[in-house]
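Step one of this worksheet: look at the structure below.
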Amino acid sequence: MEELIRDLNPPQREAVTAGDGPVLVVAGPGSGKTRVITHRIAWLLSRGVPPWRIIAITFTNKAADEMRERVLRLVPAGTGLWVSTFHSACVRILRREIEALGYKNSFTIYDTADRDRLLKKIMEEEGFSPRDVRPAALGRRISWFKNRALGPGEHLGAGNEIDVILEKVWPVYRERMKTANALDFDDLLLLTLELFHRFPSVKEKWSGRFLHVLVDEFQDTNKIQYDLAKNLSSAHGNIMVVGDPDQSIYGFRGAQVRNILDFEKDFPAARIVKLEQNYRSTEKILRAAGTVISNNLARKEKDLWTEKRGGEPLDLLMAPTAEEEALRVAGRVRSWLASGVSPGEIAVFYRVNARSRLLEAAFRAEGIDYRVVGALSFYQRREIKDVLAWLRLVVNPFDEISFSRAVSAPPRGVGGKSLERILARARSLGLSPVDVAADPAGIPRLTSKAKEGLAAMAKLLGSLRADAGRAPALEMVRRALEETGYLDWIHETADPLEARDREANLDELLSAAAQVDERDPEGGLAAFLERVSLVSDQDGLASKGEVVQLMTLHTAKGLEFDAVAIVGLEEGTLPHLFSIDSEEGVEEERRLFYVGVTRARKHLLLSFAESMMSAGEWREMERSRFLGEIPQDVFNSWGPEEEDQEEDPEEERDLLPPAPPGEGPGPGARVRHGSYGEGVIKAVRGDKRNKRLVVDFGEAGTKILLLEFSDLEFL
DNA sequence: CCGGTGCTAACACCT
DNA sequence: TTAGCACCGG
């Protein structure tokens, strides 16, 4: 027991060895908060608390896995611990309890894309055009309300077009989700909470089971999650929450820093421990972070300090365009590598996913191996979603969205119209779409090909279902691939290159299944689908060795690297345009920047571009206000001021299209294009770098070309 | 009904 | 640049 606390500083030790009752740990970046949680769990175990009576909530599955490992290293007898995200914990509870709420425990988890597909269908049925309001916008709005514990009818939809549509669509969405025996991400939390509220005995059962509740990243919990944590600890009040108000970056998901204040109110007896010594970053990095964050008015003062004096100066980089910025950053990464920083210890952060494309191109050009963490996930790919649809149907034949997908992957002569008739019939008979497909005779106006196809589909699903309980996940995925004819279909339709690409992805899916089998031999298909539904951006697939990592600032939360580059420090990017007009919004952006900066141990590079291409237009950018908030003496040079004057006119001229003589190529001028041949300019639109030419190329048609990239020869 | 083609609009952050 | 959609021919 002694060695558990030997290497801890006094406040860490206080938190780890705290007695029963509520504890709030306010932990600055790099102050050893993960250490505190793992040692706390180990401490509890060593004092005889059975592992299955401890639940620790983390932000991602990856963090959960790591935490479990670290605890087991300290106390090997820790099997049975619950370490998971809120979402995973809720799924585990719901699998056992959800029947009380009228769902079947074989429920499917819908991701955002599934949700939006269903919403689109409902909108069409209700006579709304998915063009006026995008289904995804509705979906986000529903999620927005749910994350704030508001239901249909409870929202204040005065005049807002989305909310008017929502009024009609949301109730139907609820019904349909229930019919499909499906839950969206928000439902996982909400229904668990509903369960606790409506069935006190269930709540007592679970809160009685867990003697200790620990919540990491508490500053990013929303009201629902806070209520869940409170409910889970209601029997004994042994709850420890760990967080840092300055790192709260999920306001858009309903996260409220207020939870930290409420915690002190809800638990007046709470012990409060502050961790202020930073073990991660150099003094320069820490000072930059500290002065930036001190510009937030809505915060509690906190003094982070470190014993690491000095450190390397921060690096500031300015580039005329975002492309150029990416290239220069890649170049800087190359010199980090050359100076001995290992690739896995280097990361590049950006505010918006779109920025990763430029970086990827630059890294490829530089020949540096990299990995994009998160972003358009593997599981969003078409072939993956198709196969998963089959597998989800095996477990839950009521899942309409998966049925709609599987029925035409591969196609079997059933299109939109027939599909609607099948689903309608299923709903009216209270059967699953798969049941209806098994007996296609009852469905009007089907071709014989469609009937055969449907019967075969139902038969195959039945046979897969018979094995689903006992076969390993790997075998189920392989059977789905082969017996549905999916693999063959890919090779018949797609061009060979694309087919190979897709098959490679499917191979990865097979390895993912094998991995689940290995971790959880009893779990089978159900465990696989669950894991797949709840992967987070940080989780990724099997990590591809030691390479440079690219990710958003949000994904960077909780990670640390020797060398960090943060790109896109422009007004409108960071802080983002959508946040710029409210003080609250800007403060959250500032925290996001703070999170990014504090990920770095030794080297920090900050960069921005003076212009970028977005939505097909060049936009001039200004450097982010946050840069101006950093004390100048932490930089190796505060160059941009002078550079602005010397370099700018030069660079600007290089980038602008050559000034045309006189009024330049105007309407009527003849031009030649590499592939379209000769043509005549019909009109000129836009100005400066956004100047576009409308050119009639005769047989090749009329094209609109951005002058800068048009490569035209003027005749 | 299926699948390819060409047009249009848009483009946070995440479980 | 791309994703998603309407449209059209087989």
Side-chain angles (χ1 to χ4, degrees), chain A residues 58-62 84-91 109-113 115-117 120 129-131 134-137 140 143-144 146-147 183-189 217 220-222 224-225 248-255 323 349-355 357-358 361 373-377 379-380 382 407-419 445-447 449-450 453 489 492-495 533-539 551-557 568 572-580 585 588-589 591-592 595-596 612-617 619 701 704 706 709:
Chain A
T58 57
F59 201 72
T60 63
N61 290 300
K62 186 182 167 205
S84 71
T85 63
F86 271 109
H87 288 84
S88 305
C90 286
V91 169
I109 301 165
Y110 274 8
D111 67 17
T112 335
R115 174 195 75 188
D116 295 344
R117 274 171 82 112
K120 178 163 177 261
S129 162
R131 259 170 312 171
R134 301 214 316 282
R140 276 195 297 268
S143 178
W144 191 93
K146 283 184 172 178
N147 277 301
L183 272 56
D184 64 28
F185 287 135
D186 306 322
D187 290 336
L188 297 175
L189 309 184
E217 307 284 9
D220 284 320
T221 53
N222 61 26
I224 316 290
Q225 293 167 329
S248 173
I249 55 173
Y250 280 89
F252 67 94
R253 229 165 63 181
E323 279 85 353
F349 306 151
Y350 35 84
R351 173 71 236 266
V352 293
N353 275 309
R355 203 78 172 232
R357 267 197 32 235
L358 300 175
V373 184
L376 263 196
S377 133
Y379 292 101
Q380 300 291 330
R382 190 184 152 184
V407 80
S408 49
R412 46 179 51 70
V414 178
K417 290 275 182 237
S418 312
L419 177 62
R445 277 175 292 171
L446 277 188
T447 61
K449 182 182 166 213
W489 177 57
E492 280 162 30
T493 58
D495 73 275
S533 309
L534 297 175
V535 277
S536 74
D537 272 358
Q538 253 189 36
D539 302 336
M551 68 191 84
T552 64
L553 284 161
H554 281 90
T555 305
K557 187 173 83 151
T573 310
L574 182 67
H576 195 272
L577 204 59
F578 293 172
S579 314
I580 226 158
E588 179 150 323
E589 298 284 311
R591 291 193 293 268
L592 192 52
V595 166
M612 59 192 282
M613 185 76 147
S614 104
E617 297 268 321
R619 273 174 43 202
I704 300 175
L706 197 56
F709 299 125

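Below, all heavy atoms of this structure are taken into account, side chains as well, without hydrogens, waters or symmetry copies.
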Give A/Tyr250 one of three labels, base, sugar-phosphate or nothing, depending on what nucleic acid heavy atoms sit under 4.0 Å from its own. sugar-phosphate

Ring pair (Phe, Tyr, Trp, His ring centres under 6.0 Å) with A/Phe252: which residues, sequence neighbours excluded? A/Tyr250, A/His554

How would you list, by chain and number, every residue that makes a side chain to side chain contact (heavy atoms under 4.5 Å, CB included) with A/Arg140, sequence neighbours excluded? A/Arg115, A/Arg134, A/Ala136, A/Ala137

Using a heavy-atom cut-off of under 4.0 Å over every strand shown, decide if A/Glu589 touches base, sugar-phosphate, or nothing. base

If you go through the side-chain atoms of A/Ser579, does one of them form a donor-acceptor pair with the base of B/dA12 closer than 3.5 Å? yes

Nearest-Å distance, CG (A/Leu577) to P (B/dC13)? 14 Å

Round to a whole Å and report the spacing from CZ of A/Arg412 to P of B/dG3. 11 Å

Run through DNA chain B and report every stem of 3 or more consecutive Watson-Crick or G-U pairs, distances under 3.5 Å, ordered by first number. B:1-10 with C:1-10

Assess whether one donor atom and one acceptor atom, taken from the side chain of A/Arg253 and the base of B/dC13, lie less than 3.5 Å apart. no

Using whole Å, what does the distance between atom P of nucleotide B/dC13 and atom CD1 of A/Ile249 come to? 13 Å

B/dG3 phosphate, OP1 or OP2: any side-chain N/O from A/Trp489 under 4.0 angstrom? yes

Go through B/dC13, B/dT15, B/dC2 for me and flag the one nearest to the A/Arg351 side chain. B/dC13

Side chains of A/Asn147 and A/Ser143: do they bring a donor and an acceptor to under 3.5 Å? yes

Side chain of A/Asp186: nearest nucleotide among B/dC13, B/dG3, B/dT15? B/dT15

Between P on B/dC14 and CG on A/Asn61, what's the gap in Å once rounded to a whole number? 15 Å

So, OP1 or OP2 of B/dC1: does either fall under 4.0 Å of a side-chain N or O from A/Ser418? yes

Length of the NE2-P vector between A/His554 and B/dT15, whole Å: 10 Å

Checking A/Asp111 now: which residues fulfil side chain to side chain contact (heavy atoms under 4.5 Å, CB included) with it, not counting sequence neighbours? A/Ala113, A/Asp114, A/Phe185, A/Gln380, A/Lys385

Would you say A/Thr112 places a side-chain N or O within less than 4.0 Å of OP1 or OP2 belonging to B/dC14? no

What is the distance, rounded to the nearest whole Å, between atom CZ of A/Arg134 and atom C1' of C/dG4? 10 Å

Residues in ring pair (Phe, Tyr, Trp, His ring centres under 6.0 Å) with A/His576, at least two apart? A/Phe578

C1'-based separation of C/dC5 from B/dA12 [nearest Å]: 24 Å

Those residues that, when tested against A/Asp186, pass salt bridge (Lys or Arg N to Asp or Glu O under 4.0 Å) (two or more places apart): none

Donor-acceptor contact below 3.5 Å, side chain A/Arg412 vs main chain A/Ala450: no

Of the candidates B/dC13, B/dT15, B/dA12, the side chain of A/Asn353 sits closest to B/dC13

Heavy-atom closest contact (A/Leu188 atom, A/Cys90 atom, distance): O-CB, 3.4 Å

Side chain of A/His87 - closest among B/dT15, B/dA12, B/dC13: B/dT15

Rounded interatomic separation in angstrom, taking CH2 from A/Trp144 and P from B/dC13: 19 Å

Given DNA chain B, 5'-ward residue of the pair A/Val414 and A/Arg140, judged by closest heavy atom: A/Val414

Counting heavy atoms from C-beta on, name the nucleotide in C/dC5, B/dC14, B/dT15 closest to the side chain of A/Lys120. C/dC5

How far, in whole Å, is C/dG4 from B/dC13 if one measures between their C1' atoms? 22 Å

When you check the phosphate oxygens OP1 and OP2 of B/dC2, does a side-chain N or O of A/Ser408 lie under 4.0 Å from one of them? no

